[in-house]
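Down below is the structure, laid out as structure tokens.
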Amino acid sequence: MSSVILTAGPLRGTTRVPADKSITHRALLFGAIAEGTSRVRNYLDGGDCRATLGVVRSLGVQVETPSSQEWIIHGRGLEGLLEPEVALDCVNSGTTTRLVAGLLAGQEFHSILVGSTQLRKRPMARVVEPLRLMGADIAGRQGGRLLPLSIRGKRLHAVDYSMPVASAQVKSCVLLAGFYADGLTIVREPGPGRDHTERMLAAMGAPVTRRGNTLTAEHPSAPLRPLDMTVPGDFSSAAFLLAAGVCVADSDVRIRGVGVNPTRRGLLDALVEMGADVTLSNWGETGGESTGDLHARPSSLHGITLGGDAIPTLIDELPVFAVVATQAAGRTVVRDAAELRVKETDRIATTVEELRKLGADIQARPDGFVVNGPTPLHGARVHSHGDHRLAMALAVAGLIADGATAIEDTACVSDSFPGFWELLVSLGARIE
Ligand code: S3P
């Protein structure tokens, strides 16, 4: 179990961040069911996406890596996946599990999904329930609420499904299952969640539509066209550098080529509302997604209240947002974010527990947290709980805190951000 010791200090310089995790997962899965050869450049080679790569290979899909920068995916078409000989290991990845469950529910073969100790605690009823409404034959631990799941694929029926929680994973799962159902599947989102699935599938010629918060999918009458795309930088990874740039004195951080899809960049809007000196420039486009360069400098911040439709746009950024809030004058409130409790860890409990060790004034609420600031942070020994985003949020806190901060169990960082510590060092961080 690795650990890292960090000392306070600024980040300065220009960098890029690894590719978007959500888009990389989808490129593999959608490329697998396309007809023909997909080319995906600048994919994310992190733990979660490696789990998806392993799954698609076990389903008979050949994926070549002619360079560390490119995948060539030999799609097998909508009906061409093969029955896996082994259990499909989703490791720590909730996205892999939930999207793959939707894809496999309609295949005419049997498959089993397994995962790590961490993943075996995460709720699967959110996908099993709508899939069963579509007629899927799924068994699992605790009646299908937890992994392992056993899926006996069969033809499905279309549903009109209103999602009880805003989850792009659930939405994507049901839309994928909709390709293998008779009739028109309708998915109603409670609010606008990340929309990579519908963007990418529509670009592949798939019958997926969106009107407001209502999506539809049906059995494609023509093969899905292969992908030819470059994955943008992950906004959720850039978030840690942005937060450090805004909070650590003397910092000046520029991050190039970051995906700035409006359903993903909620942290940027929140930082601006707090008075942060952050800018987005040099707009571009790759793979149907907008990109831009981000620039962050220290500024005096004030507390804000976040809730409602804003939450899905920064759900993964809330641990590091809590760190930023410790440096903002006044009260910051996050509500409507109970989903944090079922991420890699209960991120309300773990964020509050660890930031308090550094001196933060933060209280847990059932659906979020309240932070009073500004508070000086003091270096201490903290623990990631095996949660990549918490480990990186604590690293940002360690750059702010006086003295040394020891972060335990840091290997998890490579689930989404391989090279994170090296990148911090390249921007001037002092790390042992
Ligand atoms: C993801 C969706 C989000 C997010 C996760 C990735 C995706 O989860 O937290 O890191 O790629 O679809 P939910 O769909 O459960 O909100």
Side-chain angles (χ1 to χ4, degrees), residues 6 8-11 17 234-253 255 258 264-280 294-307 310-311 313-335 337 340 347-348 350-365 368-379 382 387-402 405 407 417 420 424 427 429:
L6 245 139
L11 297 187
V17 287
D234 196 327
F235 186 91
S236 296
S237 296
F240 301 103
L241 306 180
L242 268 186
V246 162
C247 292
V248 186
D250 293 328
S251 292
D252 190 323
V253 185
I255 317 149
V258 182
R264 293 290 302 282
R265 62 166 194 255
L267 179 75
L268 194 62
D269 304 331
L271 291 176
V272 168
E273 198 185 331
M274 296 171 100
D277 185 358
V278 281
T279 57
L280 169 55
L294 299 167
H295 186 197
R297 278 166 298 198
S299 28
S300 58
L301 307 172
H302 56 82
I304 59 169
T305 294
L306 279 179
I311 296 298
T313 69
L314 47 47
I315 188 77
D316 291 340
E317 286 63 77
L318 287 172
V320 78
F321 178 73
V323 176
V324 173
T326 67
Q327 304 308 299
R331 197 172 158 82
T332 294
V333 180
V334 171
R335 56 174 187 240
L340 286 177
R347 284 186 177 154
I348 295 177
T350 52
T351 301
V352 168
E353 181 185 341
E354 299 306 316
L355 289 186
R356 278 194 180 162
K357 292 179 186 167
L358 298 168
D361 178 351
I362 178 167
Q363 283 90 39
R365 292 254 182 98
F369 48 79
V370 179
V371 182
N372 288 298
T375 325
L377 300 181
H378 308 295
V382 289
D387 183 334
H388 55 127
R389 300 209 193 275
L390 180 61
M392 292 185 275
L394 291 170
V396 175
L399 295 172
I400 300 169
D402 56 28
T405 300
I407 309 170
F417 200 148
F420 174 71
L424 286 192
L427 294 174

Can you measure from [atom1] ([X]) to [atom2] ([Y]) and round to the nearest 0.5 angstrom?
X	Y	atom1	atom2	value
Ile407	Leu394	CD1	CG	5.5 Å
Asp402	Leu377	CG	CG	8.5 Å
Thr326	Ile362	OG1	CD1	8.5 Å
Arg365	Ile348	CZ	CD1	11.0 Å
Phe369	Thr332	CZ	OG1	8.5 Å
Leu280	Ile255	CG	CD1	10.5 Å

Check [X] against [Y] and note the closest heavy-atom contact, atom names and distance.
X	Y	result
Ile304	Ala270	CD1-O, 3.7 Å
Ile400	Cys247	CD1-CB, 3.6 Å
Ala401	Ala8	O-CB, 2.8 Å
Ala296	Val278	CB-CG1, 3.8 Å
Gly379	Thr405	CA-OG1, 3.4 Å
Leu399	Ala429	CD2-CB, 4.0 Å

Could you walk me through whether Val352 and Arg356 pass the side-chain contact (heavy atoms from CB on, under 4.5 Å) check? CA-CA 6 Å; Val352 168; Arg356 278 194 180 162; 3.9 Å; yes
[X] versus [Y]: any side-chain heavy-atom pair under 4.5 Å?
X	Y	answer
Leu314	Leu306	yes
Asp250	Pro298	no
Leu390	Thr351	yes
Val246	Leu301	yes
Leu358	Val382	yes
Ser251	Leu427	no
Leu424	Phe240	no
Phe235	Leu267	yes

Output every pair passing salt bridge (Lys or Arg N to Asp or Glu O under 4.0 Å) with a member in residues 314-325, not counting sequence neighbours, ordered by first then second residue. Arg194-Asp316, Asp316-Arg347, Asp316-Arg389
Pair Ser236-Arg264, side chain to side chain donor-acceptor pair (under 3.5 Å): steps then yes or no: CA-CA 8 Å; Ser236 296; Arg264 293 290 302 282; 3.0 Å; yes
Could you please spell out the steps behind the side-chain contact (heavy atoms from CB on, under 4.5 Å) verdict for Asn372 and Gln363? CA-CA 9 Å; Asn372 288 298; Gln363 283 90 39; 4.1 Å; yes
Does any N or O in the side chain of Gln327 come within less than 3.5 Å of the main-chain N or O of Thr375, such that one atom is a donor and the other an acceptor? yes
Any side-chain donor-acceptor pair under 3.5 Å between Asp277 and His295? no
For Phe417, enumerate each residue passing the ring pair (Phe, Tyr, Trp, His ring centres under 6.0 Å) test, keeping only those at least two apart in sequence or located in another chain. Phe420
Could you go through the side-chain contact (heavy atoms from CB on, under 4.5 Å) check for Val371 and Val334 one step at a time? CA-CA 9 Å; Val371 182; Val334 171; over 6 Å; no
